[in-house]
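Read through the structure below, which is laid out as structure tokens, and then see the notes.
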Amino acid sequence: MDVSHLLDQLNDAQREAVTADEGHVLVLAGAGSGKTRVLVHRIAWLIQVHHVSPMGLLAVTFTNKAAGEMRHRVGKLLNLRPDGLWIGTFHGICHRMLRMHAAEVGLPETFQILDSDDQYRLIRRVIRDMELDEGEFPARQMQGFINHHKEEGRRPGDIECFDHAFQARQLAIYQHYQDYCERSGLIDFAELLLRTLELLRDSDARRAHYQDRFGHILIDEFQDTNTLQYALVRLLAGSKNQLFVVGDDDQSIYGWRGAKVENVVHFDRDFSPKVVRLEQNYRSTATILEAANRVIDHNAERMGKNLWTEGEKGEALKLFTAFNAEEEAEFVIARIQDWMEQGGRASETAILYRSNAQSRLFEQVLLREEIPYRVYGGLRFFERAEVKDAMAYLRLVHNPHDDPAFERVINLPARGIGERTVALIRDHARRQGQSLFEAARSLCESGGFTARAGNAVAGFLALIGELTDEYGQAGLGEAMQAAIDRAELADWYRSREPADRAEAREENLAELVRAAESFTQPFEDEQAGLSPTASFLAQAALEAGEHQGERWQDCVQLMTLHSAKGLEFPLVFMAGMEEGLFPHQKSAEEPGRLAEERRLCYVGMTRAMQQLVLSHAESRMIHGQTNFSRPSRFLSEIPAELVEELRPGRPRVAPAQSHGGAPQDAEGLSLGTTVRHPRFGLGTVVTIEGQGANARIQINFESAGSKWLVLGYASLERVG
DNA sequence: TTTCCAGCCCTTTTT
DNA sequence: GGGCTGGAAA
């Protein structure tokens with residue numbers, strides 16, 4: 001068989017990884033070195049050359065987006081849909097296994113996944129039920145405590161308690177929370193993994209089954225695996241299956257949420273894999289790579305890697321020092337306008353920052369300049385309050401014992417069921433070991449409520465009952481619509497929120513109905529015996545959807561450095577390069593955390609394809625107070641010869657001109673000249689950088705403010 | 001029961 | 001500076 005199409009487009013190192021024979025493989029894949037390509041081609045290679053059945057392959061990624069892309073690319077390369085091939089996230093794959101063996105792991109058929117918000121609310125509920133001080137045991141912190149232990153594979157009984165009253169209470173909260181989940185058929189994200197691990201560990205039959213099935217296991221972003229995930233991988237691998245692991249220790253930026261870079265080293269030790277390094281970069285200019293390499297060099301304990309490229313040297317990095325954060329934002333947006341003036345697209349530019357709060361200033365300027373932009377982060381579709389409200393009704397129809405769903409909508413919209421009444425239901429439920437739904441019903445029947453509350457609760461129960469009865473014949477979309485209509489959710493938002501806010505919520509509800517209507521159950525879910533509703537609910541929890549709908553628009557991309565991982569842009573800005581902000585204050589003290597900040601810097605720098613612009617402000621408002629800070633230490637780790645410093649804003653001659661060149665170009669523009677621009681009108685030349693058609697000049701326009709323009713493109717007319 | 005305001009917190013995020 | 005929470009007032 002001709003397999004040249006699988007190898008043609010690969011370089012030597014990539015080919016070595018793709019065609020590796022027997023044994024495990026560890027691919028250390030630098031940024032922009034084509035790791036997804038290697039994974040995709042490896043899968044195709046195994047299927048077409050080694051005739052491995054797609055059924056015998058398991059490919060694991062960290063995000064649904066990555067899984068989707070891999071699935072798509074494998075299909076395209078093989079020119080068919082590889083049915084039976086399991087490609088998914090750790091959580092998605094564990095979920096599927098648990099559905100197939102629900103009874104065996106002690107879960108009801110209708111078990112529901114708790115997302116972090118559900119989990120947080122439930123933990124807060126538990127703490128209140130236990131009558132503990134919420135100041136001493138903040139729910140956020142307890143959520144961290146529980147998830148941390150679960151991710152290390154520890155049940156409450158596995159945690160050593162040194163007879164500390166405080167520690168004992170923390171454990172009690174974990175235990176109560178867990179009991180609550182068991183009772184209501186709920187499972188949080190970490191539990192998906194832990195339950196699966198226990199299933200494979202404790203059941204010889206199941207372990208044997210999956211070990212026999214998956215002869216080849218491929219894992220992406222291995223540096224992001226946590227303890228539980230690595231344990232799962234080891235269990236699934238057994239003694240004979242082949243692991244193909246791709247990762248980059250230099251891009252490990254999630255240590256703070258339990259990821260263990262050490263797993264890369266442990267893998268090397270535990271499995272003695274063939275190690276392949278992908279160091280040729282296909283993304284950035286040589287200058288950008290050199291700068292990034294030099295920064296990451298300051299980290300100790302690296303596995304060692306040096307990115308190189310056959311491509312252009314490219315321009316020097318730019319460094320801008322702003323007086324304050326406002327000026328920094330003005331500068332960045334002016335450079336983007338400049339880029340667009342020259343024919344660049346807004347979507348080719350990204351503004352990266354360390355913390356979300358930094359986006360505000362950029363948004364203000366972008367809004368004023370009427371440049372479309374998109375901010376990553378924030379709430380995603382299925383995390384929006386109105387969507388969760390409507391989904392809670394569907395959850396109750398699917399499983400009335402879903403207490404978090406019950407709590408969410410028992411009085412939403414307000415139907416006169418207050419805290420006292422709900423407390424009564426909770427209390428009854430706890431004493432009877434029932435769900436809130438059952439407790440409410442039995443209290444209704446036994447007349448345990450006041451007349452007023454009783455009517456209200458009966459009304460709510462009847463509503464759920466009606467929806468349940470009708471749902472039998474209806475499709476998912478109709479059921480969703482019915483729930484929204486009957487509950488009168490839209491009226492509720494309209495009655496208590498400003499019109500634009502309420503309208504946005506209504507639009508989201510309409511979108512939710514559309515999503516339900518067009519939902520097609522994944523083939524694998526159907527095989528695992530899930531009902532379409534169960535599939536839909538699970539997917540909403542596991543895959544919360546897009547941050548914002550308008551992807552299509554050509555707009556500037558704003559995001560944190562963390563969310564930029566895996567992406568690339570021709571023009572990248574890294575803003576807020578200041579000590580205290582980046583590296584962040586809270587990470588600066590510990591060497592390990594500082595190293596992670598430096599990796600974050602490396603990740604940011606390697607996003608840039610053509611141009612990288614770094615900026616810092618001498619002062620900025622943080623928490624309502626003006627802070628003064630020094631430039632980030634990472635800036636000083638970049639060799640000076642790779643950086644061009646810009647200091648516009650101050651009326652000062654640019655460096656290029658101080659070397660004797662006349663501060664004037666062929667068209668006779670000089671500082672102070674008045675010019676006319678077709679769009680921006682009249683303005684005064686403030687700064688000139690460079691010469692000839694490539695010269696960049698800053699002009700203070702009378703009405704449009706300060707702009708940076710490239711002389712060759714700007715069609716300026718000299719006035720007077 | 002609902003609504004409003006003062007006081008609290010404040011790094012990064014996917015599942 | 002701004003978003004969320006909980007306690008106090010209507």
Side-chain angles (χ1 to χ4, degrees), chain A residues 60-67 88-95 113-121 124 128 134-135 138-141 144 147 150-151 187-193 221 224-226 228-229 252-259 325 352-361 364 376-380 382-383 385 411-422 450 452-453 456 495-497 538-545 547 559-566 576 580-588 593 596-597 599-601 603-604 620-627:
Chain A
V60 193
T61 61
F62 271 82
T63 65
N64 291 295
K65 197 171 147 207
T89 61
F90 273 105
H91 292 85
I93 283 158
C94 288
H95 173 244
I113 302 168
L114 285 184
D115 69 15
S116 346
D117 181 57
D118 296 332
Q119 186 190 36
Y120 169 75
R121 286 156 174 266
R124 200 172 53 179
R128 287 177 188 173
E134 288 179 71
R140 279 276 162 239
Q141 220 166 292
N147 288 339
K150 283 197 181 189
E151 276 159 15
I187 187 161
D188 60 50
F189 288 131
E191 187 74 22
L192 284 168
L193 305 180
E221 305 275 20
D224 288 340
T225 50
N226 62 27
L228 214 42
Q229 287 159 340
S252 162
I253 55 174
Y254 287 116
W256 52 273
R257 67 174 196 209
L352 310 184
Y353 37 79
R354 177 65 236 265
S355 66
N356 286 306
Q358 285 171 261
S359 76
R360 215 188 84 246
L361 289 173
Q364 280 172 2
Y376 281 66
L379 286 189
R380 296 154 76 198
F382 281 100
E383 290 166 353
N411 197 34
L412 192 148
R415 46 175 72 85
I417 302 172
E419 188 48 39
R420 287 177 63 91
T421 309
V422 179
T450 59
R452 204 185 159 97
S495 73
R496 61 201 310 273
E497 289 184 323
Q539 210 178 86
L542 284 177
E543 199 170 335
H547 283 292
M559 67 190 84
T560 62
L561 288 155
H562 281 91
S563 22
K565 190 170 149 211
L581 189 56
F582 188 41
H584 198 275
Q585 197 62 55
K586 294 191 176 175
S587 304
R593 307 197 61 186
E596 185 158 305
E597 294 281 300
R599 293 193 291 265
L600 189 57
C601 184
V603 165
R620 80 168 62 230
M621 291 275 265
I622 293 178
H623 309 322
Q625 291 205 308
T626 306
N627 281 44

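Chain naming here is simple, since letters A, B, ... match the order of the sequence lines and numbering starts at 1 in each. Just so it is clear, the structure is predicted and the values come from calculations on it, not from any experiment.
- Using atom C1' as the reference point in both C:dG6 and B:dT11, the two lie 26 Å apart (nearest Å).
- By the 5.5 angstrom centroid cut-off and the 30-degree plane limit, A:H584 is classified as stacked against the base of B:dT11.
- Side-chain to base pairing of A:S116 with B:dT15: one donor and one acceptor N or O lie within less than 3.5 Å of each other.
- Distance from the side chain of A:T89 is smallest to B:dT15 among C:dG6, B:dT13, B:dT15.
- B:dT13 atom P lies 21 Å from atom CG of A:D188, rounded to whole Å.
- Across all strands, A:I417 comes closer than 4.0 Å only to sugar-phosphate atoms, never to a base (heavy-atom distances).
- Atom CD of A:Q625 is separated from atom P of C:dG2 by 15 Å (rounded to the nearest Å).
- If you check every strand for non-hydrogen atoms under 4.0 Å, A:N356 touches sugar and phosphate atoms only.
- Annotation: C:dT5 and B:dT12 have their C1' atoms spaced 24 Å apart (nearest Å).
- Residue A:A190 is classed as having no contact, given no heavy-atom separation below 4.0 Å to the nucleic acid.
- Between A:Q141 atom CD and B:dC10 atom C1' there is a gap of 14 Å when expressed in whole angstrom units.
- Counting non-hydrogen atoms under 4.0 angstrom, A:D115 reaches nothing in the nucleic acid.
- Interface remark: the A:R496 side chain does not form any donor-acceptor pair with the B:dT2 base, using a distance-only criterion of under 3.5 Å.
- Although no hydrogens or angles enter the test, the distance criterion places no donor-acceptor pair under 3.5 Å between the side chain of A:R599 and the main chain of A:I253.
- Contact annotation for A:R140: no contact, since no heavy-atom pair falls under 4.0 Å across all strands.
- Residue A:F90 and nucleotide B:dT15 are not classified as a stacked aromatic pair, given the requirement of ring centres less than 5.5 Å apart at an interplanar angle below 30°.
- The ring of A:H623 lies on top of the base of B:dC10, close enough and flat enough: under 5.5 Å between centres, under 30° between planes.
- Nucleic acid contact for A:R128: sugar-phosphate only, since backbone atoms but no base atoms lie under 4.0 Å from a heavy atom of the residue.
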